[in-house]
Protein chains: 2
Amino acid sequence: MTKQEPGWELYRSFLAVLREGSLSAAGRALGLTQPSVGRHVEELERALGASLFTRSPQGLTPTETALELRTHAEVMAAAAAALLRAASGPADEVAGSVRVTASVVVGVEVLPPILTAFRRDHPKVAIELSLSNETEDLLRRDADIAVRMVRPTQGALVARHLGVIALGLHAHRSYLETHGTPASWDDLANHSLIGFDTETAVIRTLRARGRYFGREHFAFRADSDVAQLAAIRAGFGVGICQVGLGRRDPDLVHLLLGTLGFDLDTWLVMHPDLKSSRRVRLLYDHLALGLADYIRNGQ
Amino acid sequence: MTKQEPGWELYRSFLAVLREGSLSAAGRALGLTQPSVGRHVEELERALGASLFTRSPQGLTPTETALELRTHAEVMAAAAAALLRAASGPADEVAGSVRVTASVVVGVEVLPPILTAFRRDHPKVAIELSLSNETEDLLRRDADIAVRMVRPTQGALVARHLGVIALGLHAHRSYLETHGTPASWDDLANHSLIGFDTETAVIRTLRARGRYFGREHFAFRADSDVAQLAAIRAGFGVGICQVGLGRRDPDLVHLLLGTLGFDLDTWLVMHPDLKSSRRVRLLYDHLALGLADYIRNGQ
DNA sequence: GAATAGATATACATAAATTTATGACTAAGC
DNA sequence: GCTTAGTCATAAATTTATGTATATCTATTC
């Protein structure tokens, strides 16, 4: 007697429990009830011959094995989501939905008008925007199209280099009127600086070039790039943002022009399989044009 | 009322129908009955709002949309299979199963003794060997470890360069006794040649260097490399095989030494996630050693 | 041309899974 | 200390899905 392969529903419930942390919550998320999810997990444990969770009154905590299996279940879920998206409209028609991922600033400041223009031309296409500063995996189809600030490392992806987004030190006019305009890099030490909280690769690069300060110099610390931008706009102090964004707002002043020397290489990426999907392809081309426009204006 | 997300079982049945070509066959493959699978497909069609198959008395033929969705379902299936493999044994113990993919010759001629040695040391690890000349997708976890003859293009994979497998013209002693030994490359035209049926990239490269013949010159044509090797061993004529294999068999003669000038770059590849799996890691290292040994002997 | 094998589709009884309802337990807030 | 909200576990009720049996249709074979 061969061990019957477990049904895929079991994996779905298993993943939901991992994500939600309890049978009850998983049940709610899936539109099932707690006992059902409980039995699914039990059944999967029996089928795999391994215990997946240690039960406790405040929820289930996953075992080692459960954590190892999680990735695979996530892949299944991503594929299921991608399938749904692909099925959301006939590939030859321009209808359905497309999922785009980008950094938060780009998603909030740059993309909206571009997407609005696209929407005007193709009103049947719904757009999902997933904003995060961790890069989502296009090979896993976490998204259909990605705007990346790093050269794509994964081969086999369709990528287009859009150009370089210039970064620059900015401050609000109101701030400068009160505190004066920094005349040199060293002068910045006397100002309210806006910067990152945790040190990322970008910041280490900047510091290596001596062009940026450590965490302790910042009067306003936030990892979110939009939060920093908001702080600049609110006149909190001096911070870094994309030159293109600064130029849009007449009250923002670009300081110490050209001294930053650090730019964002910008790429548009998608999965090769999606080239045949009309709506994805159209949005890809549209984004390429719109972003190239934006980048050109920032230079 | 939000449209409820379709259950994963439906995808499973959908894929089975695509693979098997009929509801009945899919039912047999899944251990379900034809009406059940039929209902699954119906339900999925309703949930997606698209027709997936056109019914006919001789089976179901997939629609355009069904073919587009297939990839995603395949990804789900691959992930499910990978999950099962991962769950086949605790990651810290050396037990469970590992799936290795390689070309047919390598799998038939080179790997068996290496795997046998591994088995002796780790008797609890089951080994799945998937032999094919199309490269399986490691990112999709179609296999855990791959022996590749081309440099891996997909970034983010763990790859180790093992060296270069030398190829050479070979013939069986019995053939040479009857038909004489070809003295030069041009002389080959007077011999029974063993070669490929369809033209692959490898062959085009060879022909571009003027070191190989077209399809029409071959007296024995087979796309399978093992079949070619078998033909050489049977004394059918002159063909190409790995020097390391020729050297093992005292009756095989390496002809026109060093004139071929075409080699196989060899790589061992695995998914980075699997580094933490003890059994996969051990087999990876063992294969690296064993294959490097084999390659060294072929030079 | 009839018989066969393989396919889908439908009807209905049955088996299986889900929901509902309940109990027991834990942690936090008043 | 008691209430409230959260959890998992269990047993009975019900819905749901499955399997069986049958009809039908179409190529293929004898």
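Heavy atoms only: backbone and side chains are in, while hydrogens, waters and symmetry mates are out. Letters go in sequence order (proteins before strands), and every chain restarts at 1.
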Report the nucleotide, chosen from [options], that has the shortest atom-to-atom distance to any side-chain atom of [X].
X	options	value
A:L23	D:dT18, C:dT8, D:dA9	D:dA9
A:P35	C:dT19, D:dA21, C:dT8	C:dT19
A:Q34	C:dT8, D:dT7, D:dA9	D:dA9
A:L60	C:dT19, D:dT18, D:dC8	D:dC8

Counting only heavy atoms not in A:E128 (residues, nucleotides, ligands), do more than 12 fall under 6.0 Å from its CD?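 Yes.
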Rounded distance in Å - [atom1] ([X]) to [atom2] ([N]):
X	N	atom1	atom2	result
B:F53	C:dA7	CZ	P	15 Å
B:H40	C:dA9	NE2	P	15 Å
A:L30	C:dT18	CG	C1'	13 Å
B:E42	D:dT18	CD	P	12 Å
B:R39	D:dT20	CZ	P	12 Å
B:E9	C:dT18	CD	P	10 Å
B:R28	C:dG6	CZ	C1'	8 Å
A:E43	C:dA17	CD	P	6 Å

At under 4.0 Å between heavy atoms, what does B:S24 touch on the DNA or RNA strands: base, sugar-phosphate, or nothing?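 Contact class for B:S24: base.
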What does A:S36 touch in the nucleic acid at a heavy-atom separation under 4.0 angstrom: a base, only the sugar-phosphate, or nothing?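 Result for A:S36 = base.
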Short side-chain N/O contact to D:dA9 OP1/OP2 from A:R55, under 4.0 Å: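 Yes, such a contact exists.
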Taking only side-chain N and O atoms of B:T33, does any of them lie within less than 4.0 angstrom of OP1 or OP2 on D:dT18?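 Checking D:dT18 against B:T33, no side-chain N or O comes under 4.0 Å of OP1 or OP2.
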Looking at [Y] and [X], is there a salt bridge between them, counting it only when a charged N and a carboxylate O are closer than 4.0 Å?
X	Y	value
A:E45	A:R55	yes
A:R46	A:E43	no
A:E74	A:R19	yes
B:D273	B:R141	yes

